[in-house]
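Worksheet for the structure shown next.
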Amino acid sequence: MADAHENDRTDDGESLGATGGEDVTDDRIIEEGAIVLRGYVIERFNAENPAMQVSPVALGGTADEGSDPHVKEVVDQLLRIADDLNRNAELQHLINTVEANCAQDVFMTVARNIFTDGINWGRVVALFHLAYRLIYKALTQQHFEVIRTIISWVLQFIRENISSWIRQQGGWEGVIRSVSRWRTVALVAAVAFVAAVVYWRRTR
């Protein structure tokens, strides 16, 4: 498992601590992470299902939480990174093997293995992408009680494993400053995600 307190390396060359996260607390990371995750899910889901729109309220948020332009910019950057993940056929096939109502230990096992070789924004997107696909299944299968559970698992994982790293990037806005080669980051994320799901399938 990646060490969230390890300050000397990531696998895409991002500089840890360069933006100075002194004013960003872990509680703020989790609070903003929930808003960003819901924004990511909403934008992706509504684009794929224009006839079945979903709102922040349905995901446990507030109606206007996505109106902040900084949140929108972060979500847009994460979506750009995720575009290549969404087109990866092998990745989509593997995601389909993880059920929306999977146990928490299954989700955490896959999540931990995404970050087994380090932390970068591409891998954060891979975590969001996993959550989105599970939430997508829950929404389309009308398993609404599962959605907030999945979101809570993501936030728990972020708090326990990568919030320190995100804080060192200056918060969620760090993805805007740090990622210029987002296609390369997306490729790294896809490889990490495939490896994580393959590992889970072999060991379950």
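Source: prediction; values computed, not measured.
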- Message: Please determine whether side-chain contact (heavy atoms from CB on, under 4.5 Å) holds for the pair Lys137 and His143, giving the CA-CA distance in whole Å, both sets of side-chain angles, and the decisive distance to 0.1 Å.
- Response: CA-CA 8 Å; Lys137 291 180 184 181; His143 294 161; over 6 Å; no
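- With rounding to the nearest 0.5 angstrom, the CZ atom of Arg38 is 4.0 Å from the CD atom of Glu65.
- What you find for Asn46 and Val54 is that their closest heavy atoms are OD1-N, 2.9 Å.
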- Message: Assess the residue pair Val41 and Phe128 against the criterion (side-chain contact (heavy atoms from CB on, under 4.5 Å)); give the C-alpha distance rounded to whole Å, side-chain angles, the decisive distance to 0.1 Å, and a yes or no.
- Response: CA-CA 8 Å; Val41 169; Phe128 275 31; over 6 Å; no
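- No option in Leu59, Leu130, Ile135 other than Ile135 meets the side-chain contact (heavy atoms from CB on, under 4.5 Å) test with Ile150.
- In this structure, Asn120 contributes its side chain and Arg123 its backbone to a donor-acceptor pair below 3.5 Å.
- Side-chain N/O atoms of Glu73 and Gln77 include no donor and acceptor closer than 3.5 Å.
- Thr62 has its side chain out of reach of Val57: every pair of non-hydrogen atoms, C-beta onward, lies at least 4.5 Å apart.
- Shown here for Ala82 and Val125, the closest heavy-atom pair between the two residues is CB-CG1, 3.7 Å.
- Of the charged side-chain nitrogens involved, none lies within less than 4.0 Å of a carboxylate oxygen, so that Asp26 and Arg159 do not count as a salt-bridged pair.
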- Message: Could you walk me through whether Phe107 and Leu134 satisfy the side-chain contact (heavy atoms from CB on, under 4.5 Å) test, starting with their C-alpha distance in whole Å, then the side-chain angles of each, then the deciding distance to 0.1 Å, before giving a yes or no?
- Response: CA-CA 10 Å; Phe107 179 88; Leu134 297 180; 3.8 Å; yes
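- Inter-residue side-chain proximity for Ile42 and Pro56 is flagged as met; some heavy-atom pair is nearer than 4.5 Å.
- Between the Ser152 side chain and the Thr149 main chain, a donor and an acceptor come within less than 3.5 Å of each other.
- The main-chain N or O of Ala51 is never found under 3.5 Å from a side-chain atom of Asn49 such that the two would form a donor-acceptor pair.
- The closest side-chain heavy-atom distance from Tyr40 to Val74 is not below 4.5 Å.
- Between the side chains of Arg28 and Thr25, no donor N or O sits under 3.5 Å from an acceptor N or O.
- Taking CD1 from Ile158 and OG from Ser164, the interatomic distance works out to 12.5 Å, rounded to the nearest 0.5 Å.
- Atom-to-atom distance recorded for Ile81:CD1 and Trp121:CH2 is 8.5 Å, nearest 0.5 angstrom.
- Looking at heavy atoms from C-beta onward, Trp172 lies out of side-chain contact with Ile35 at the 4.5 angstrom threshold.
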- Task: May I have the step-by-step check of side-chain contact (heavy atoms from CB on, under 4.5 Å) for Tyr132 and Leu127, ending in yes or no?
- Result: CA-CA 9 Å; Tyr132 164 68; Leu127 174 66; over 6 Å; no
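- Using a 4.5 Å cut-off on side-chain heavy atoms (C-beta onward), Arg44 and Tyr136 make no contact.
- Residue Glu48 holds its CD atom at 10.0 Å from OG1 of Thr140, rounded to the nearest 0.5 Å.
- In this structure a side-chain-to-backbone donor-acceptor pair under 3.5 Å is missing from Gln142 to Leu139.
- Here Leu37 contributes atom CG and Ile30 contributes atom CD1; the two are 11.0 Å apart, rounded to the nearest 0.5 Å.
- Side-chain contact between Val75 and Glu43 is present, with at least one heavy-atom pair separated by less than 4.5 Å.
- A distance of 11.0 Å separates CD in Glu32 from CG in Asp27, rounded to the nearest 0.5 Å.
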